[in-house]
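Notes to accompany the following structure.
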There are 2 protein chains.
Amino acid sequence: MTKREYAFNIVATFVKINKQMPVKMLTYRSRIQQDDLYSIPISDFFQSAFSVDCVIFGYHEGELKVLLIERGTEPYKNFWALPGDLVYPNEDLNASALRILKDLTSLTHIDVKQVHTFGRVDRHPLGRVITVAYVALVETQDLVPVASSWASKIKWHTLYRLPKLAFDHREILDSSLDDLRKLIKSEPIWTKVLPEKFTLTQLQLLFETVLNKQFDKGNFRKKIRGMKFLKKLNESEKSVAHRPSIYYKFDQPKFNEQKDGDYVFDL
Amino acid sequence: MTKREYAFNIVATFVKINKQMPVKMLTYRSRIQQDDLYSIPISDFFQSAFSVDCVIFGYHEGELKVLLIERGTEPYKNFWALPGDLVYPNEDLNASALRILKDLTSLTHIDVKQVHTFGRVDRHPLGRVITVAYVALVETQDLVPVASSWASKIKWHTLYRLPKLAFDHREILDSSLDDLRKLIKSEPIWTKVLPEKFTLTQLQLLFETVLNKQFDKGNFRKKIRGMKFLKKLNESEKSVAHRPSIYYKFDQPKFNEQKDGDYVFDL
DNA sequence: AATTATTTTTGTACATATTACAATTAGTAT
DNA sequence: ATACTAATTGTAATATGTACAAAAATAATT
C-alpha cells in the first residue's frame, strides 16, 4: 500500500464516521467533493495537524490497566494504540479529550488532565502531527464498550505486559504513567474509582497499585487522620468475617481549603 | 484594517524575515508566488496551526523578570507579548523553543522545559492556533539584545507590574510561573543563573525570589548539608567586610544519582 | 456460649526532621 | 585592639516518620 493510499484510508474513514471533513481538510471544503478525495495530492493535506491522545487508566480492586484500541486503518493497521483523534476546528482541547473519553466509555464528568505534548518531526509517518496527551483514571468496570469511530477492537491491557504500540504511543504511555503518579498525589482524581463511601483499606490498595509501592497499614492511617478532607462516617462494613471497616468519604469543600495552602498527599 | 489585511501582514513579515513560507503556507508553495499573497482567500490559511511560546524568566540578584517583546504587526500590534513563533515543518517542538531563545538572547545550552499547551478555540483572532508553552530561567544580564524576527522592542518586565498582554499570554505567563516554581524544586534549572562557584546566601536568595517566600538562614543551610550534589569548596569570598562565605558548586553526577531515588528539593 | 480466625484499628517507642532562635566565628573597617 | 557585619554552627522544643505490637470487632467454628 502506498503512502497515498494510507492517507486516503484515514481521511475516508474519518469522513464516513464523523460526516465531516477532518480539520486539515476544511481548507478544501469549498473546492472539492468528498468523492474527489483521490484527486488531492497527498502533499496537500496532512502536512501539519494536531490531535489529542487519551491515556485512560482503569482501576479495579488492585489492578491498574490502560485502555487501548486496535487500529482498523493504516498506518499501523492492526496495531494497538492509544485512543486519539484530530481536534475539531471549533472544539477546545479539553473538550476533545472529554469527547474521546465519552465515545469510548460513555463516561462523563471525569477529570481529564493535560500532561505533555509530543511533537517529534517524524512521529507520524504521513506528515507533521503533534499530539497533546491527556490522562484520566476510571473504574475498569465502568467501561461500556461502544462501537467507536476508530476502533476495530477495544480492550483493557495490563500495564506490565503490553503489545507493541502504534506511533510513539509507548513513549506517551510511559510518560503519562509518571504524570498520573504525580497527579494522584495532589489532585483527587481517584475519587471516581472508589465508591462514595470507601474503607481505608480500599484507599490504601488504590494508592499502592497506582504508585507501585507498599505502605504500612498503621502509618497510612495516621496520615489519613491529618487529612481534613477525608471524613469518617458513622457506618461500617456488614457481614465480614472480621472486624468491620469504617467507611470514609471525600469532602470536596474541605479539600479546596487545604489545597490553597499548597497541600500535597506525599505518600 | 480588515481581518484579511491582518493576516497578510503576518505572513508577509514572516516571509520577509525568514525567507520561507510559514508552516501553513507550505501547502500552497507549489502553486503560488510570494507576491500573490493577496489572491489567497483568508479562509485558506491560518485555519489551524501550532506555535511555541517561550516564557523566559530572568533572574539577577534577587529580582525575577520575564522577557517580553512588543509586537510590530497585527493582531495586537503594539501590545507586549511572550516571544513565540510558528514551528517549522521539519523542526522538533523543543528545537523550536531553543531557536526562539537563541534568537532573542543568543544563549545556547539552556534547559527549556515544556509545560502546558493552550488551545482555546478563540485564543487567536485569526483562526485556530494552539500553542505549546516552554519555560526557561536565565541570568538577566546574559541577555544580548538582538534584532529579532518578531520584536520591535524587547524588554525585561518586573513580574508584579505587567502591562496588558496580547492574546491569552497573561494566562500562559501565570500558569508558567506556577510551573517554574514546581520545576525549580526538582530540576537543577537554576544552575545557569548562578556563577559556577556560588555562596549559600546567593542560593537562598535565588530560591526566595523565585518561590516568593522567606527561609530561615540556619535551617536552609542544614537542608543543603543533606544534599550530596552541593559540594563545599575550599575557597571563600575575599574582601568582604564580614566573615567570608564559602563557595559551593553543583555536582551533576551526584545529582543524577539522587534523582533516581525520586528526590525533590522540597524547600 | 465460648473459642478461634481474621482483619481493622489504635498505640507506643524510637529515630529523624523541622522550627525558631541564640551563640560563635572570620573576616574588614576604624 | 576593638567594633562591626554577615556567615556559620549549635541547641532545645516540637513535629513527623517508621517499625512493630497490642487491642478490638465481627463471623465462623467448636
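Below, read A as the first sequence line, B as the second, and so on, with proteins coming before strands; counting in each chain starts at 1. Keep in mind that the numbers below use all heavy atoms, side chains included, and drop hydrogens, waters and symmetry copies. Since the model is a prediction, treat every value here as computed from it, not as a measurement.
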Would the distance check show the side chain of A:Glu187 and the main-chain N or O of A:Ile184 forming a donor-acceptor pair, the cut-off being under 3.5 Å?
no
Between A:Ser96 and A:Asp92, is there a donor-acceptor pair closer than 3.5 Å when you use the side chain of the first and the backbone of the second?
no
Range on DNA chain D touched by chain A, heavy atoms, distance below 4.0 Å
D:dG17 to D:dA27
If you count heavy atoms of other groups shown closer than 6.0 angstrom to CD of B:Gln252, is the number above 12?
yes
Determine the minimum heavy-atom distance between A:Gly58 and A:Thr140, stating which atoms define it.
C-OG1, 3.1 Å
Who pairs with A:Asp216 by salt bridge (Lys or Arg N to Asp or Glu O under 4.0 Å), at least two apart in sequence or on another chain?
none
Just call it for A:Thr201: base, sugar-phosphate, or nothing, with non-hydrogen atoms closer than 4.0 Å on any strand.
sugar-phosphate
A:Leu194 side, atom CG; A:Phe250 side, atom CZ - distance, nearest 0.5 Å:
11.5 Å
In sequence, state the C-alpha distance, the side-chain angles, and the governing distance for B:Glu171 and B:Arg120, and then conclude on salt bridge (charged side-chain N to carboxylate O under 4.0 Å, His left out).
CA-CA 11 Å; B:Glu171 185 190 345; B:Arg120 262 214 343 269; 3.4 Å; yes
Contact string for nucleotides 18-27 of chain C, one letter per nucleotide 5' to 3', B = base within protein heavy-atom range under 4.0 Å, S = sugar-phosphate only, - = neither, reads SBBB---BBB
Shortest non-hydrogen contact between A:Leu68 and A:Trp80, atoms and distance
O-CZ3, 3.5 Å
